Amino acid sequence: MIPKELNSAYDPKKTENKIYKLWEKSGYFSPDKLPGKRTKKFSVMMAPPNITGSLHMGHVLENTEVDILVRMKRMRGFKTLWLPGIDHAGIAGQNAVEKELRKQGIRRHDLGREKFLEKMWEWKSKYEHVILDQLKKIGVSSDWSRTRFTMDPNINTAIQKAFIHYYKKDWIYRGERVINWCQRCGTGISDLEMEYKEEKGKLYHIKYPLALRPASQKLQRGEQAQGDNDIIIVATTRPETMLGDTAVAVNPKDSRYKNLVGKEAVLPIQNRKIPIIADISIDMKFGTGAVKVTPAHDVTDFEISQRHNLPKVQIINERGIMTAEAGKICEGFKAGECREKVIEKLGELGLLQKIEDYTHNVAYCERCSAKIEPRLSKQWFLKMSELAKLAIGAIKNKETIIIPKKWERVLIDRLKNERDWNISRQLWWGHKIPIEGENDVLDTWFSSALWPFATLGWPKKTKDLKNYYPTDFITSARDILNIWIAKMIFSGKEFMGRSPFKIAYIHATILNKEGKRMSKSLGTGVDPLELIEKYGADAVRFGIIYQNLGNQDIRFNENAMITGKKFANKIWNATRFVLMAQNGKFEIRNSKFEKNSKLKIKNSKLTEADKKILNGLKKTTAEVNNLIEKYEFGKALHLLYDFFWHEYADVYIEAVKKQLNREVILKVHIDLLKLLHPFMPFITEELWGMFDKKGLLIIEKWPN
RNA sequence: GGGCGGUUAGUUUAAUGGUAAAACAUCUCGUUUACACCGAGAAGAGUGGAAGUCCGAUUCUUCCACCGCCCACCA
């Protein structure tokens, strides 16, 4: 008899929550509570989602892939740990709360540091559950009892320890550097936290008189400079920054300016003599080939100034207001307002040669969309030379294998050119730099770098650390390859002596239908929760993995979820049929089936169809195993789908309607439920329960 | 500017040195031991363009075009 609860269509809503609770209650997500003797271990760290975030398709892909691996290893008898966590997410975290407060008309500075941080923690305790619950919805089987937060006391200890370690090695230093400064966030940000937008602007050509007697004397008398022989023309998009110029630079190979190198020009308005220097970074073909050098407000100019020992004049402060150094005309005004003033003044002096329309890229803060102004600032740096070598070594000698292989070279190339890491941020939310009197906090990636061992209790010598480090696997998006993966590798080498994971798997990027990157701000993202609501979690997992074939990109296609939903229904109904064919429930463990499952099914009794399906099952099982071990999840799923639908359901089940071998169909069906479980855990667990309520599928023996 | 990847039926993808496969969509027929979220079948591309290697290329090489991604950055 078909059990009453078996309707003719699968309803994920009736199943998913119930099944997830069963799993949680069983304790099997924790390696400590797994049954049997498990000598082999398998461990993975979750890439901790931000407290600000809600689930996006990238999370679904990433965590489904790990879940497939973890569920299979668990069924294969490994002592399996998947450790979840959340990231405090530095700027992004702070901005989320600031934004929330601003709705109530409150600013961060109104509250003060302490009060604001209270708000941050309130936010954290509220939102950590939101994202973790979303992960549960897609069936993530990680060990929630070990959930870590990047600002947990234990992890803070790890960070202190690491910082002091580096400090004692003299790898941490304080230096002046032009950094990307967000005036709104009030902090320096990394290159990766900026986005460039193409904008129409102007290119101003400005005459700088040479410091030859006649010209400079005329200038000092307020007369107009004249003649092309006693000027040098520079081109700039930000004329107001000229007030902080300390040199004019040309390319050493540029014959036009050869005789001017070593001489001086007079900086208009400021009436300051500045040298004309030669530097290889100058592009002869751009503009006039002569560049004004503003070391305090431009990254390239700063580097030039380091090479030539130029002074650095700060004319814009941290709030974007012109300083006294900028001179009387501009002091106290916003930088933007001064552009007008400077241009007007140059016009009066007759020093403005021309203004051209010009399209260029302008940097904006990715987190708050404010314009980025490069600014000289005191920051803490971590020396990268030795650490980068450690990471390169670990990759080259395969201590960590990068998959797909092509990223190996990309990563090594980047590590070879790694600049020292600016580890300080002018934020309130984060780990305070452990030096007295220091107000800055550490870059959020400083904690992420220690994640694989800090989560296991380091620097304490815990059991977990001994058991689960190094981990077996990590997966990440390719754009955080160097910002995260590389940093974990060198941190692992430095502090643990071993690279933190054997495999670093760079997963595909999910693009939208148009083949472009999904972006929340552009509204081109797809909400996984809506998809789950519509098709069920198994179907969404199916859909995303089914599309994940050889390529590095997945062009999102909702049809695949529909296919997944139909497939779930197919599995459901095939199970109904098998149950009917068995004429009720089978107690698998107590039946002959257990013995027969080792394929002691009597050969003489087998029909051709039986033989064919058993053979097909054997081949499919072997191939699926092979593919999962190679992280080719999409191909494995295609194979299972095709076999289940077109060989098992379309052909074998039809054949069985004429002549039934109960043992064979049961064996095939049960094995398929097991093989499908990592991909579609909810429905397979639910259906497994129809056969045997004594145990859960999640820990059943995996078919080999 | 540097690097990487893609371009195959209407769509999303697969495959192969010997003239291409699947799913969805379309059309036709069928469906009383699971499933209309089903079954059987049909039609539909000669694999972006050009050249080369080869008996033979969609598959290898080169160039071009277009699309996308990453990195750097434009004074």
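Chain naming here is simple, since letters A, B, ... match the order of the sequence lines and numbering starts at 1 in each. Side chains are part of it too, since the values below use all heavy atoms of this structure and drop only hydrogens, waters and symmetry mates. Keep in mind that this is a model prediction, so the values were computed, not measured.
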Could you tell me whether A/His205 contacts a base, only the sugar-phosphate backbone, or nothing, with contacts defined as non-hydrogen atoms closer than 4.0 Å?
nothing
Just checking A/Phe577 against A/Tyr648, ring centres under 6.0 Å apart?
no
Knowing that exactly one of A/Tyr641, A/Tyr535, A/Phe679, A/Phe633 qualifies, which makes a ring-ring contact (aromatic ring centres under 6.0 Å, His included) with A/Phe542?
A/Tyr641
Give me the distance, rounded to whole Å, that separates B/A40 from B/A45 when you measure between the C1' atoms they each carry.
24 Å
From the list B/A14, B/C35, B/A34, which nucleotide is the closest neighbour of the side chain of A/Ile653?
B/A34
Would you give a per-nucleotide map of nucleotides 25-31 of chain B, 5' to 3', where B means the base has a protein non-hydrogen atom under 4.0 Å away, S means only the sugar-phosphate does, and - means neither?
S------
Counting the atoms with a prime plus P, OP1 and OP2 as sugar-phosphate, which does A/Tyr204 contact under 4.0 Å by heavy atoms, base, sugar-phosphate, or nothing?
nothing
Would you sketch RNA chain B in dot-bracket for me? Only Watson-Crick or G-U wobble pairs with both distances under 3.5 Å count, crossing pairs as [ ], other-strand pairs as |, the rest as dots.
(((((((..((((....[..)))).(((((.......))))).....(((((..]....))))))))))))....
Sugar-phosphate, base or nothing in reach of A/Trp407, heavy atoms under 4.0 Å:
nothing
Sugar-phosphate only, base, or nothing, as touched by A/Thr300 at under 4.0 Å among non-hydrogen atoms
sugar-phosphate
Using the side-chain heavy atoms of A/Ala9, tell me which of these nucleotides is nearest: B/C37, B/C35, B/U33.
B/C37
Which of these nucleotides, B/U13, B/C69, B/C71, is closest to any side-chain atom of A/Leu549?
B/U13
Considering every strand and a 4.0 Å limit on heavy-atom distances, what is the contact class for A/Ala560: base, sugar-phosphate, or nothing?
nothing
Any donor-acceptor N/O pair under 3.5 Å between B/C35 base and A/Lys570 side chain
yes
For B/G48, is chi within 90° of 0 (syn) or not (anti)?
anti
As a test of reading the structure: which of B/C69, B/A34, B/C70 is closest to the side chain of A/Lys657, going by heavy atoms?
B/A34
Pick base, sugar-phosphate or nothing for A/Ala235, based on heavy-atom distances below 4.0 Å to the nucleic acid.
sugar-phosphate
Can you figure out which of B/C38, B/C71, B/A23 approaches the side chain of A/Tyr546 most closely?
B/A23
If you check every side-chain atom of A/Thr563, which of B/C37, B/G39, B/C24 has the closest atom?
B/C24
Taking the side chain of A/Asp650 as heavy atoms from C-beta outward, which of B/A40, B/C35, B/C4 is closest to it?
B/A40
So A/Ile562, base contact, sugar-phosphate only, or nothing? Heavy-atom distance under 4.0 Å.
nothing
If I take atom CG in residue A/Leu637 and atom P in nucleotide B/U12, what distance separates them, rounded to the nearest angstrom?
20 Å
For A/Thr288, check side chain to side chain contact (heavy atoms under 4.5 Å, CB included) against everything at least two apart and list the hits.
A/His205, A/Ile233, A/Tyr257, A/Ala290
Between B/A34, B/U12, B/G5, which nucleotide gets closest to the side-chain atoms of A/Arg555?
B/U12
Classify the nucleic acid contact of A/Arg238 as base, sugar-phosphate or nothing, counting any heavy atom under 4.0 Å across all strands shown.
nothing
So which nucleotide from B/C4, B/C70, B/C35 ends up closest to the side chain of A/Arg576?
B/C35
